[in-house]
Amino acid sequence: MVSRVIPVEPFDLVVFGGTGDLARRKILPALFRRFCSGQMEENSRIIGAARSDHSQDEYRQMVAEAIAEFNTTSHCEAGTLDAFLDRIDYVHVDAKGEEGWKTLADLMQPGKVRAFYFSVAPSLFGDLAERLHTHGMADSDSRIVVEKPFGRDLETAKALNDVLAQHFHESQIYRIDHYLGKETVQNLMAVRFGNMLFEPLWNSQYVDHIQITVAETVGVGGRGEYYDRSGAMRDMVQNHLMQLLCLIAMEPPAKFDPDAVRDEKLKVIRALNPVEPADIVRGQYGPEKRNGPDYISDVENPRATSESFIALRVGISNWRWAGTPFYLRTGKKLKARASEIAVVFKETPHSIFGPEAGRHRNILTIRLQPNEGMDLDVTIKEPGPGGMRLIDVPLDMTFADALGPDGEEVPDAYERLIMDVIRGNQTLFMRGDEVEAAWAWTDPIIGGWESRGDRPVTYEPGSSGPEDALALIHRDGRRWREIRS
Ligand code: BG6
């Protein structure tokens with residue numbers, strides 16, 4: 001398979017928080033990989049900006065170290081790193097003061113795409129936007145990129161939207177949810193809307209239920225303070241799982257265009273039912289070994305009531321999905337790292353093979369990571385004599401196999417998303433109203449457990465989560481898919 005890399009327009013990308021964790025782990029290695037693949041034109045530049053004082057050489061050294069540690073590509077020719085570092089500048093900027101802003105403004109070159117990546121605490125968004133405006137860098141062509149968490153409830157999200165809107169139009173604001181940049185997540189849309197096969201069956205008449213699982217094996221150690229303020233609901237459900245739910249449940253947009261897609265996602269969020277307390281299970285992982293760290297010690301808060309696991313039964317009130325439950329679960333320290341969506345179809349209305357043939361159903365599983373691919377459980381005759389016995393076998397398509405050894409390395413989500421910012425394509429970014437609608441649904445759920453004083457239950461690390469989460473789906477006569485990589 002021959003890859004087609006189309007260079008993007010020349011750009012100046014300023015990374016505020018250019019020495020921070022996200023820049024080192026994700027943003028700079030992603031830019032390096034796009035550079036290696038030939039997507040950055042000669043005069044494109046990356047300008048790191050942060051509060052600490054570094055010379056240009058020191059910053060380039062820091063970037064080189066970050067790439068050595070976090071870059072995963074094998075497709076880079078020798079000498080490429082030096083050429084990449086030549087594109088890098090550094091400016092010492094104080095978000096809350098005047099220092100560095102004139103230097104930054106003087107560095108901007110006319111006629112290029114101008115993008116500002118706010119890889120900083122949301123409390124600084126307003127200051128950055130204001131100073132970009134004052135120093136003439138917030139013109140109608142500039143773009144800003146902001147990271148999650150976008151607020152911690154509806155009120156704070158609205159306040160952030162308002163602050164940004166003072167100097168930037170919605171079409172200039174790129175709110176990142178990195179799940180949307182994942183190749184397999186984009187594939188959800190390709191599978192649904194690029195095939196005739198699935199869409200006619202994609203509704204409550206044929207679909208029994210849908211499961212969305214994002215399971216991780218890591219704990220929250222190292223990010224305990226942040227995590228204790230968020231919990232899995234704010235950290236994962238309000239954004240990543242919500243986006244997956246939208247892509248699975250939305251109506252076909254008229255075209256693959258930013259507002260057409262986001263309008264349809266918004267309709268799904270607005271049609272979500274409130275969630276009853278009985279339809280939620282929250283958990284905290286216990287100690288791995290006797291006296292080993294548990295969730296409470298990882299977040300360093302003996303009274304923590306935040307959750308490292310959550311399972312929810314969610315309903316959508318619209319014509320397509322009324323009556324079809326969506327079971328969502330996500331958690332840390334589970335038995336495997338596995339993200340998948342399973343669309344479980346209904347049984348045939350009548351079995352011509354009699355009761356001894358058993359009950360069978362088709363399940364379409366879309367594996368998001370790892371081992372990206374899809375399989376469709378199909379019922380066939382068990383080979384051999386002895387009558388008509390039926391078994392379910394998977395029609396398996398692992399993308400790495402299907403695309404062959406020459407298939408391209410799967411790009412990291414950030415590569416795709418940053419290049420989309422430069423191209424000016426907002427399809428894979430969240431719109432302000434979408435984020436607000438997601439919080440409007442999330443707030444009463446969190447408010448409910450806070451006011452009732454509900455506490456998460458403990459689950460064993462390396463398990464599938466709390467027993468209660470199994471019961472949540474069992475009581476409907478269904479069961480979770482096995483969590484496995
Ligand atoms: C982040 C969350 O947004 O997504 C983390 O803050 C989580 O808690 C991560 O671990 C998962 O992302 P991925 O790409 O590893 O599935």
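We count ligands from 1, going down the list as the structure has it; atoms in each ligand are counted the same way.
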Provide, to 0.1 Å, the distance between atom 10 (O) of ligand 1 and the closest protein heavy atom, together with that atom's residue and name.
Glu216 OE2, 2.6 Å

Answer yes or no: does atom CD of Gln186 have more than 12 heavy-atom neighbours from other residues, nucleotides or ligands under 6.0 Å?
yes

of all protein heavy atoms, closest to atom 5 (C) of ligand 1 is Arg223 NH1, 3.3 Å

Centroid separation His209 to Phe326 less than 6.0 Å
no

Give yes if a backbone or side-chain nitrogen or oxygen of Tyr226 is under 3.5 Å from a nitrogen or oxygen of ligand 1, and no if not.
no

His178 heavy atoms, cut-off 4.0 Å: which ligand 1 atoms fall inside?
1 (C), 3 (O), 4 (O), 12 (O), 13 (P), 14 (O)

Identity and distance of the protein heavy atom lying nearest atom 16 (O) of ligand 1:
Tyr179 OH, 2.5 Å

Judged by heavy atoms only, the candidate from Gln369, Arg337, Lys332, His240 nearest atom 7 (C) of ligand 1 is Lys332

I'd like to check whether Tyr227 has a polar contact with ligand 1, where a contact means an N/O of the residue lying under 3.5 Å from an N/O of the ligand.
no

Taking the six-membered ring for Trp, are His54 and Tyr90 ring centroids under 6.0 Å apart?
yes

Check for me whether Lys148 meets the cation-pi criterion with Phe150, that is, NZ or CZ under 6.0 Å from the six-membered ring centre and within 45 degrees of the ring axis.
no

Give me the atom names and distance for the closest heavy-atom approach of Asp208 to Thr324.
O-CG2, 3.7 Å

Would you call Arg223 and Asp298 a salt bridge, using N to O less than 4.0 angstrom?
no

Quick test of your reading of the structure: of Leu368, Thr330, Asp235, whose heavy atom lies closest to atom 2 (C) of ligand 1?
Asp235

In this structure, CD of Gln172 is separated from CD1 of Ile144 (nearest 0.5 Å) by 7.5 Å

Can you sort out which atoms of ligand 1 are near Lys148, meaning under 4.0 Å from one of its heavy atoms?
1 (C), 2 (C), 3 (O), 6 (O)

Atom indices of ligand 1, in the order listed, that fall short of 4.0 Å to a heavy atom of Lys182:
13 (P), 14 (O), 16 (O)

